[in-house]
Amino acid sequence: FGNLITQKNYVAGCSSLTRGIFGGGYNGSALNQIDYITILSTGNATDFGDLSVSRYGASGLSNSTRGVFGGGYTGSNNDTIDYITIASTGNASDFGNMQNARAFLAACASTTRGIIFGGDQTGGPTDTIDYITIGSTGNASDFGNLSNNCSTQAAFSSSTRGINAGGADSSGRLNVIDYITIASTGNATDFGDL
């Protein structure tokens, strides 16, 4: 397809139907770069702008118009939430803050609500679930808890249900799959196992 602007890992991603966005990452140090691609074409990524804080291991989520990046690691865990308008370019703007600073977390979204799962906080992985209303700004609110502490996991969603899968806790790798109903709040429910 092409190449990112900079070789990097621990990148957060989000998208609309037409544009893919890559935020932050690590290349010897934390990066604040935001790259974008046009999904239906091929070619190298183009500069979109910058995150408000250089970081890696952040989460990315989006609806069709707005992309949101939460948390990450900058030498310490971070609670920053930034947002961008996907169809334009420019630097990210401050959205608010997560309930607590953490990195290596996962996120998903419906058209209206973003969910941020788990991650590493001071002391190790956590079971925290945050939610935001994507179209507004403000601090994240408590959604509930995962069935276990986890970080470095994956998350995805339909328009109604969010899934958190895998990752690791302080004892090792996990095969747990949890689900939530995005429009409500409450603790995650066991879906099955990887």
Side-chain angles (χ1 to χ4, degrees), residues 1-98 100-109 114-122 124-126 130 132 134 137 140 150-157 163-168 173:
F1 189 101
N3 297 307
L4 294 172
I5 294 171
T6 304
Q7 293 180 352
K8 52 194 168 186
N9 55 5
Y10 305 117
V11 179
C14 62
S15 69
S16 66
L17 292 175
T18 56
R19 184 175 273 190
I21 309 289
F22 309 94
Y26 180 82
N27 181 355
S29 62
L31 301 171
N32 67 353
Q33 295 173 339
I34 306 173
D35 299 0
Y36 76 94
I37 56 163
T38 302
I39 296 171
L40 293 177
S41 66
T42 59
N44 294 336
T46 303
D47 182 48
F48 186 98
D50 295 322
L51 296 172
S52 66
V53 178
S54 296
R55 58 195 196 259
Y56 60 95
S59 61
L61 62 93
S62 56
N63 61 16
S64 60
T65 57
R66 182 177 274 189
V68 178
F69 298 97
Y73 190 79
T74 60
S76 60
N77 290 333
N78 191 286
D79 67 353
T80 301
I81 306 173
D82 287 351
Y83 75 94
I84 56 165
T85 301
I86 296 174
S88 66
T89 58
N91 294 336
S93 299
D94 181 51
F95 187 99
N97 298 98
M98 299 190 315
N100 47 41
R102 53 198 205 271
F104 306 107
L105 55 176
C108 66
I115 308 293
I116 303 172
F117 296 106
D120 274 324
Q121 62 182 15
T122 303
T126 182
D130 289 1
I132 58 167
I134 299 172
T137 58
C150 67
S151 67
T152 63
Q153 73 274 27
F156 54 90
S157 59
I163 306 290
N164 184 82
R173 294 183 181 95

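Every heavy atom of this structure was used, including side-chain atoms; hydrogens, water molecules and symmetry mates were not.
Taking every heavy atom of both residues into account, Ala155 and Ala107 meet most closely at CB-O, 3.6 Å. Closest heavy-atom contact between Ala168 and Thr152: N-OG1, 3.9 Å. For the residue pair Cys14 and Gly60, the shortest heavy atom distance occurs at CB-C, 4.4 Å. Of all the heavy atoms in Thr80 and Ser52, the pair that sits closest is CG2-OG, 3.6 Å. Considering every non-hydrogen atom in both Ala58 and Gly71, the closest pair reads CB-O, 3.3 Å.
Side-chain atoms of Thr38 never come within 3.5 Å of backbone atoms of Leu40 as a donor-acceptor pair (strictly under, hydrogens ignored). The closest donor-acceptor contact from the side chain of Arg102 to the backbone of Gly118 lies under 3.5 Å. Using a distance-only test at 3.5 Å, with no hydrogens or angles considered, a donor-acceptor pair links the side chain of Ser157 to the main chain of Ala109. Looking only at distances, no side-chain donor or acceptor of Asp130 sits under 3.5 Å from a matching main-chain atom of Ile116.
Between Leu105 and Met98, the closest side-chain pair of non-hydrogen atoms falls below 4.5 Å. Between Val68 and Ile81, some side-chain heavy-atom pair lies under the 4.5 Å cut-off. Proximity of Ser54 to Leu31: side-chain heavy atoms (C-beta onward) are nowhere separated by under 4.5 Å. Ile34 places none of its side-chain heavy atoms less than 4.5 Å from the side chain of Phe22. Asp47 places a side-chain heavy atom less than 4.5 Å from the side chain of Ile5. At a threshold of 4.5 Å between non-hydrogen side-chain atoms, the residues Ile21 and Asp35 do not count as touching. Considering only heavy atoms from C-beta on, Phe117 comes within 4.5 Å of Cys108 through its side chain. A heavy-atom distance below 4.5 Å is not found between the side chains of Tyr56 and Val11.
Here OG1 of Thr18 is found 8.0 Å from CD1 of Ile86. Values are rounded to the nearest 0.5 Å. Rounding to the nearest 0.5 Å gives a distance of 8.0 Å between CG of Asn32 and CG of Asn91. Here Asp120 contributes atom CG and Cys150 contributes atom SG; the two are 9.5 Å apart, rounded to the nearest 0.5 Å. Ser151 OG to Gln121 CD: the interatomic distance, rounded to the nearest 0.5 Å, is 10.5 Å. Atom CD1 of Ile84 sits about 8.5 Å away from atom OG of Ser62, to the nearest 0.5 Å. To the nearest 0.5 Å, atom OH of residue Tyr83 and atom CZ of residue Arg66 are 5.0 Å apart.
Taking the ring centre of Tyr73 as origin, the terminal cationic atom of Arg55 falls outside the region bounded by 6.0 Å and 45° from the ring axis.
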Problem - Verdict with supporting geometry, Asn78 and Val53, side-chain contact (heavy atoms from CB on, under 4.5 Å) - result: CA-CA 9 Å; Asn78 191 286; Val53 178; 3.6 Å; yes
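For Asn164 and Gln153, the side-chain atoms include at least one donor-acceptor pair closer than 3.5 Å. For the residue pair Gln7 / Asn27, no side-chain donor-acceptor distance below 3.5 Å is found, with atom types taken as modelled.
With ring centers used as reference points, Phe69 lies 6.0 Å or more from Phe95.
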